[in-house]
Each structure stands twice: as C-alpha cells, then as structure tokens.
Amino acid sequence: MKLRNLIGLVVSLWAFAAPLRAQTPTPVAPAAVVPQPTTPNQPSEPGSNLTVYLLTFGWGDAVWERFGHNAIWIKDRARGTDMTYNWGMFDFNQPHFVWRFVTGDTRYWMETIDYAAMVQYYRQHDRSILAQELNLSPAQRLKLQQFVQWNALPQNKFYRYDYYRDNCSTRLRDAIDHALSGQLQTATVSRTTPGTYRWHTQRLLTGDFPLYTGVTLALGHPGDKELSAWQEMFLPVRMANDLRTVTVADTAGNQIPLVKSETAIFTAGRSPEPATAPNYLPLFVAVGILYAALLVVLVRSAEMGNRFSLFGATALATLWSIIAGVAGAALVFAWLFTKHYFMGRNENLLHFDPLSLGLVVLIPLSTYWLRATSRALKLAGWIAVISLLGCVAQLMPVFDQKNGEIIALALPINLAVWWTVYRLTAYRRTSLASSAAL
C-alpha cells in the first residue's frame, strides 16, 4: 500500500497537468482573423451575427477527466460556422516533454475544434454537456471572437500550464473577462468560497486512495489558501455554477445576468461529481497504527530468537525509510528546483524526511553487523523527534497546513522505526555477548 501511495505522488502530478488532447477530437485549423464582408443580409451592428456559449463538460473516469473541461462555443451565422475554442491541448512528442512535466514547465496550447465533433466525443464518453449562452453585447461578442482567433494563431497559442492558476479553465475565464473589460473579475474576486485548492482536488479524487494520498502529500502550504469565486473557476463545473450569479453592465449601464440561458445538451448516466471531500482520516490512522503495530510484534518475536521476525522487522523498517526518504527528497526537489509553486513550503517534509534515506543503509548495518549502531539510533531518533514536533507545531498559526492525514500515517511509523532500531540493536548486542561467553 505504501508503495502505491508513493506511485500516487507521481501520478497525482499527472492528474493536475493531464491534458485534454485525449479528451477532444482532432482539431481543425482556425479561421484567419479577417474583417467580415458587408452583405445585404448582414446585421448592421458588428457582432450581431454571433452567439457565444460557455460549454462545460462533466467529469469522466480517467484521472485527467475527473476535473472536467470547458470551451467557448461561437456560432457565427454570417459565416455559417460553429466553432469551439479550448485551452487544454498538449503533445507527448514535444521536445523534452518529460523533463518539462517534472519541472512544472509543460507547454499547453489553445486549439479550435468543430462544435459537432466536440459534442460527439463527449457524448461517446458519457460526460455531461452544459451550454450557457452568455449575455454579451454585439461588440463584446465580436471582441471575444477576435481575441480567440488571435489566440489560436501559431505564434500566440502556447502557454506554460499551471494546474491551478493557469489552466484550460482559467484561460477561458480570462478570455471572457477580456471581452467584458474586467467586469467578471471585479464581480468575483472579492467573493469568498469555503473551498481550497487542496479540498477541491481531494473532492474530485474520491475513490482513488493511492492518488488521493499522493496529492495530499505533494501539496504544500499554498494549497490551503481559501479561494475567491474568481480563483475557484480553475474548475470548469464550478465556473459554470459561479457564472449563474454574476451580473454585468449592459450598454445602458444596467446590471444584467451574465448567463442569458442554459441548455443541457447531454446528461451523462454517471453520477455527478462529489460535492464534498471524503473523510479518509480513519483509514490513514489505521494504516499508520497497523504498520507500527506490525513492527512491534516482529521486534518482540525477534527478541525471542525468531530469525524470520528479525529479518521482517529489519525489512519493514528499511522499506518505510526508502518510501519516506525518496518521497521527502522528491518534495525537496519540487520545492527548490521546479516551478511547481503549490508543492512549496510543504510541512509534510517533517514526516516524510529525506534523512530517512540514511536509515536505508544504517538499519541493516546496525541490526545484523552491529556497525554504526550509534549513528542509526541517533538518526532514527532525530527523524522521530522531527515528526513529533511537526505534529505539535500544528497548534501554531504558522504551521497550519491541512496535513492531518499525513501526520496520522507517518508519525506512528516514524516512532516505531526508532523503537525498532533501539530494541533490535540492544537485543543483538546482548545475544552476541551471550554467545561469546559460551
């Protein structure tokens, strides 16, 4: 289970940065930004021929589908086109893709896709589709169309993806805000919500315990910031919900609803996304205590002369040291050497300590060959003390990261590892001394 949790840490980053290229059909080339010719049937006011919708796609089964998706749909009656614009595209074959992904420098881009192809894809994958017509003036609709067409040009389409602050949904939000000359941000930036980045992510990972654990471990202190409605729009479904209560000024200065009408284009057979985050704390407590208890049982049996128990206790203590040490080293690397902002200032380093890598060597040496016994005891002791202090520090305002589940998992194991090293080295010294006396 612990190894799966460590794998979940790596996979969790994929969940955040997972593209929506796999979720969308083959794109078509965007239309060039050109002035619209005047015809006898063309509306007198530029932009009157356009209808703008926000398309929101519900969550799916795959990890990268759990956070939903959205796109801008523009119906142009003058040109007879129905085009969607989405910002969730990427390519595994990009140069240095893996390294860019690891360091938080993944390049995404915006693409134009035919409306019918987009809808057909999501229908086939049983994901709900909601269309919200936006109550924009003709000038605002034209401004939005010109912006997305400009954005789709090869020299403008790429951007550095950030799974919370600059993703496919925030890019769409910013495009609408641009058409509204900042009215959307003004209406939502001061409106607080009860959620945080961590809470929303955990909510949408309900049912996948290893991945949930990886995300909980990977997210640092920045992930616990309370969000405004503006920030919450990094999630497509939340954005659709938030826009229902937004009003903007029309051309006469009157406040009107931003969402003019809604249409459920397709309703999936699956259940809607979870409304709250799951309570996995009892499970973390159980895993941590059971692992620690198993160490205690094996040590007691080893002290009775059972060699298999001696090997088992040594192996379990070493295994945890590998998991904690590698995870801790990954967290340090992410904090100091990558652009993953939300993995910084991570208090989980107090419990998944990179120093544990030293015990990978010292525990077998101290229990089987009685070498470096003092170093093993001191290092295991320091790791346990640091983990214990990390728990007590939660009482202080500056240490308020929401990592109770990680503490519940790691603290009893870190204490048990220290106790294991202490008891086994003491037992080995005694048993060898007795053998020598004989």
Side-chain angles (χ1 to χ4, degrees), residues 1-17 96 98-106 163 198 201 210-223 284 287-288 291 314-366 372 375-391 393 399 401-403 405-418 420-421:
M1 177 64 73
K2 306 301 184 302
L3 183 58
R4 289 192 68 206
N5 290 345
L6 182 58
I7 295 174
L9 169 60
V10 178
V11 177
S12 66
L13 298 180
W14 163 253
F16 294 142
H96 313 296
V98 174
W99 180 248
R100 284 179 173 273
F101 171 74
V102 170
T103 58
D105 194 28
T106 309
Y163 37 82
R198 185 192 305 276
T201 306
L211 188 55
Y212 177 101
T213 302
V215 169
T216 302
L217 177 63
L219 286 178
H221 197 275
F284 280 93
V287 172
Y291 200 107
T314 303
L316 276 183
T318 304
L319 176 61
W320 172 256
S321 299
I322 293 173
I323 294 172
V326 170
L331 294 180
V332 171
F333 175 79
W335 183 0
L336 300 180
F337 302 106
T338 76
K339 298 178 181 179
H340 291 293
Y341 170 77
F342 289 92
M343 294 179 71
R345 297 175 55 199
N346 199 329
E347 295 173 24
N348 291 327
L349 280 167
L350 300 173
H351 309 285
F352 282 75
D353 197 326
L355 295 176
S356 295
L357 290 174
L359 292 179
V360 175
V361 176
L362 292 177
I363 289 177
L365 283 177
S366 62
R375 293 180 182 178
L377 279 172
K378 287 181 180 178
L379 183 57
W382 275 114
I383 291 171
V385 168
I386 291 172
S387 184
L388 184 61
L389 290 176
C391 178
F399 291 94
Q401 182 173 317
K402 306 301 181 184
N403 63 339
E405 294 162 322
I406 297 300
I407 295 174
L409 171 67
L411 179 58
I413 302 177
N414 285 328
L415 293 174
V417 167
W418 169 80
T420 297
V421 174

[Y] backbone acceptor or donor facing [X] side chain under 3.5 Å:
X: Y291; Y: A416; answer: no
X: R198; Y: G220; answer: yes
X: H340; Y: V102; answer: yes
X: N348; Y: T216; answer: yes

inquiry  = For L389 and L350: C-alpha separation, side-chain torsions, deciding distance, then whether side chain to side chain contact (heavy atoms under 4.5 Å, CB included) applies.
reply    = CA-CA 8 Å; L389 290 176; L350 300 173; over 6 Å; no

For [X] against [Y], the heavy-atom pair lying closest together:
X: G288; Y: I413; result: O-CG1, 3.6 Å
X: A384; Y: L415; result: CB-CD2, 3.8 Å
X: T106; Y: F101; result: OG1-CA, 3.3 Å
X: T213; Y: F284; result: OG1-CZ, 3.4 Å
X: A372; Y: S366; result: O-CB, 4.4 Å
X: A334; Y: M343; result: CB-CE, 3.4 Å

Working to the nearest 0.5 Å, report the span between [atom1] of [X] and [atom2] of [Y].
X: T338; Y: W99; atom1: OG1; atom2: CH2; answer: 9.0 Å
X: N403; Y: L217; atom1: CG; atom2: CG; answer: 9.5 Å
X: L365; Y: T314; atom1: CG; atom2: OG1; answer: 11.0 Å
X: S321; Y: I383; atom1: OG; atom2: CD1; answer: 6.5 Å
X: L388; Y: I407; atom1: CG; atom2: CD1; answer: 10.0 Å
X: L379; Y: I363; atom1: CG; atom2: CD1; answer: 8.5 Å

task = Take Y163 and T201, measure what side chain to side chain contact (heavy atoms under 4.5 Å, CB included) needs, and give me the verdict at the end.
result = CA-CA 11 Å; Y163 37 82; T201 306; over 6 Å; no

inquiry  = Counting only heavy atoms not in R375 (residues, nucleotides, ligands), do more than 12 fall under 6.0 Å from its CZ?
reply    =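 12 or below, so no.
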
Exceeds 12 heavy-atom contacts within 6.0 angstrom, atom OH of Y341 =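 For Y341, atom OH is not crowded (no more than 12 foreign heavy atoms under 6.0 Å).
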
message = Please verify the inter-ring angle class for F352 with W320; under 30° counts as parallel, over 60° as perpendicular, anything in between as tilted.
response = tilted

ask   = For K378, what residues pass the salt bridge (charged side-chain N to carboxylate O under 4.0 Å, His left out) criterion, not counting sequence neighbours?
value = none

key: Residue pairs involving residues 350-364 (criterion side-chain hydrogen bond (donor to acceptor under 3.5 Å, both in side chains); sequence neighbours excluded)   =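 Residue pairs passing side-chain hydrogen bond (donor to acceptor under 3.5 Å, both in side chains), neighbours aside: H351-S387.
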
key: Min side-chain heavy-atom separation L359-T318 under 4.5 Å   =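 With C-beta onward as the side chain, the pair stays apart.
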
